[in-house]
Amino acid sequence: MATMVHDRYAMLIDGEAVTTAAILPVKNPATGETFAEAPAADADDLDRAVAAATRAFPAWRDTPLADRKAALKEASKIIEQHADELAALFTREQGRPLASAKEEVMGAAFWFKSTTWLDIPIDVTEDTDTRRIEVHHVPLGVVCAIVPWNFPVLLAAWKIAPALMAGNTMVLKPSPFTPLTALRLGELIAGCFPAGVLNVITGGDELGPLMTAHKGFAKITFTGSTATGRRVMEAAAKDLKRITLELGGNDAAIVMPDVDLDAIAAQLFHGAFHNTAQVCVATKRLFIHADIYDQLRDRLHQLAKETPVGDGAEQGNRYGPIQNEPQYRRVLALIEDARANGLTLLEGRPVPERGYFIPLTLVDNPPDDSRVVAEEAFGPVLPLLKFHDVDEVIERANASEYGLAGAVWCNDLEQAMAIAHRLDTGTVWINQNLQSTPFTPLAGAKQSGFGQENGVPGLLEFTRPKAMYIPKAPAGAVSDPAAMAS
Ligand code: NAD
């Protein structure tokens, strides 16, 4: 199946490569220039994709679990075999340096494989002489999967692997800013599944709402901003589609005074600036104990001055550009707001003038109600916040509508655990950050999410429970308490 003509890509619908008359230009954020075109699906294309997934569902649902797992393992192998090619494309459309792009692609391959190590449980709620009650977890039907631009391959894998393993079929939509790796991924792994099981469509801003309103979907799994998540939830309410929402965060990391700054400064720095700070679980508010504040601030500033930021395709750059122009303008506006309010900005190494680059920037102890602290920046501007005692810092860390993840840096593990227990987040890391595994649910608290991804709980979000009452005696031999009562 040849879907790429020069730099034009095709969608995957019903096992076929499908192009559209309308196109979606794709820019390289390191240059701001368009280098490729993706299809721009309309309502008819969406209908075709949903119809294909609907037709494919019964047979895929009835395919033995072992065979569905085998298909995912095969997909994992294919992704690994094409990791270099996918990583190069990833860097061109997303901006992230090549080595890190490849890590994400390999991470997606690992997720496809390791999801198959999970099992769909059958819960037994009663097992007596007369009957056994089993709760099975059965697939929902056609899943609508919508992903953002910051981790376009991994976050697609987090949805495709568990949804398909559980026996659902899917229509996947990547972000209009990063459509290409998802299209190429779909093309590469299409042959692992019967036609229609996995469909990948791309389009502009109007496609997401068309999808969430479509009656053919039983479930929406969405990763993106909290603002869009609210719209998705509203749309889902109309016909009570099941939803999983992985949304924004304004994650706090708390650094206690007993840490070894030499040992952790670089880790703290990367925890905030990985992927140019466009990570839902990145440290976005760094609380530092007053006793070590000046030392750590200076170390972090030194790192910002030393760290090369530039085109991800050029060797040596640690971080790339902001992924897209609207986000670039948003982050610049946040920095401007900080400057206009007299906050102290500590700038990192100069960045290329062309493309959507912003120097890694620290903000020296701004007030908690400044925009740069209160909003999810999702870009390389990190507020450093001084604190004096534990109760105070926990209150300030929890004073957010978000509750995605948080981190505690402290050598006294008992104290670290005590702080961790008091953070209102779905994940807490102690002396580490940015970790996730296929076996551990990621579940945002408060307005960071609804439901969970990964692990058995994440897998079960693609199923519904079905209770089966199984007699151990012939029909009529088991007494019916309801009949006896009447
Ligand atoms: P976004 O909400 O703008 O877009 C996400 C996806 O939703 C895109 O594919 C977009 O086309 C689509 N979309 C836009 N409007 C829609 C609508 N009305 N209905 C349906 N779909 C619609 O988010 P973004 O800017 O692409 O991504 C950044 C955000 O994602 C950040 O807030 C970040 O924290 C969050 N995020 C969360 C997680 C997590 O696991 N919790 C992971 C990564 C990113």
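Only heavy atoms go into these numbers, but all of them, side chains included; no hydrogens, no water, no symmetry mates.
Applying the side chain to side chain donor-acceptor pair (under 3.5 Å) test to residues at least two apart or on different chains, the pairs with a partner in residues 309-318 are His270-Arg318. Identified under the side chain to side chain donor-acceptor pair (under 3.5 Å) test for residues 151-178, with sequence neighbours left out: Lys159-Thr221, Lys159-Thr223, Lys159-Glu453. Among pairs with a residue in residues 390-438, none fulfils ring-ring contact (aromatic ring centres under 6.0 Å, His included), at least two apart in sequence or across chains. Pairs engaging residues 442-461 under the ring-ring contact (aromatic ring centres under 6.0 Å, His included) rule: none recorded [sequence neighbours left out]. The salt bridge (charged side-chain N to carboxylate O under 4.0 Å, His left out) pairs that include a residue from residues 404-421 number zero, where partners must be two or more places apart or lie in different chains. Residue pairs meeting the salt bridge (charged side-chain N to carboxylate O under 4.0 Å, His left out) criterion with at least one partner in residues 284-293, sequence neighbours excluded, are Lys284-Glu376.
Asp391 has no carboxylate O lying under 4.0 Å from a charged side-chain N of Arg396, or vice versa, which leaves the two without a salt bridge.
Taking the six-membered ring where tryptophan is involved, the planes of Phe217 and His214 are perpendicular, since the angle between them exceeds 60° and thus also 30°. In this structure, Phe110 and Trp117 have perpendicular ring planes: the angle between them is above 60°, well past the 30° mark.
Atom NZ of Lys73 and atom CE of Met165 lie 9.5 Å apart (nearest 0.5 Å). Taking CG from Asp258 and CG from Asn411, the interatomic distance works out to 4.5 Å, rounded to the nearest 0.5 Å.
Under the side chain to side chain contact (heavy atoms under 4.5 Å, CB included) criterion, Thr228 pairs with Phe222, Ser225, Arg231, Val232, sequence neighbours left out. Remark: Phe357 engages no residue in a ring-ring contact (aromatic ring centres under 6.0 Å, His included) (not counting sequence neighbours). Scored by the side chain to side chain contact (heavy atoms under 4.5 Å, CB included) test, Cys280 finds Leu404 as partners (sequence neighbours excluded). Every residue meeting the side chain to side chain contact (heavy atoms under 4.5 Å, CB included) condition with Tyr293, not counting sequence neighbours, appears here in chain and number order: Ile288, Arg297, Asp364, Asn365, Leu384, Lys386. In this structure Gln452 satisfies the side chain to side chain contact (heavy atoms under 4.5 Å, CB included) test together with Pro441, Ala443, Pro457, Glu461, sequence neighbours excluded.
For the residue pair His136/Asp123, the side-chain donor-acceptor check at 3.5 Å is not satisfied. Side-chain atoms of Arg96 and Asn275 include a donor-acceptor pair closer than 3.5 Å. With hydrogens and angles left out, the side-chain atoms of Gln447 and Arg230 include a donor and acceptor closer than 3.5 Å.
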Pair up each side-chain donor or acceptor in residues 342-354 with any protein partner under 3.5 Å, not counting sequence neighbours, and list the distances.
from, atom 1, to, atom 2, distance (Å)
Arg349, NH1, Glu306, O, 3.2
Arg354, NH1, Glu33, OE2, 3.1

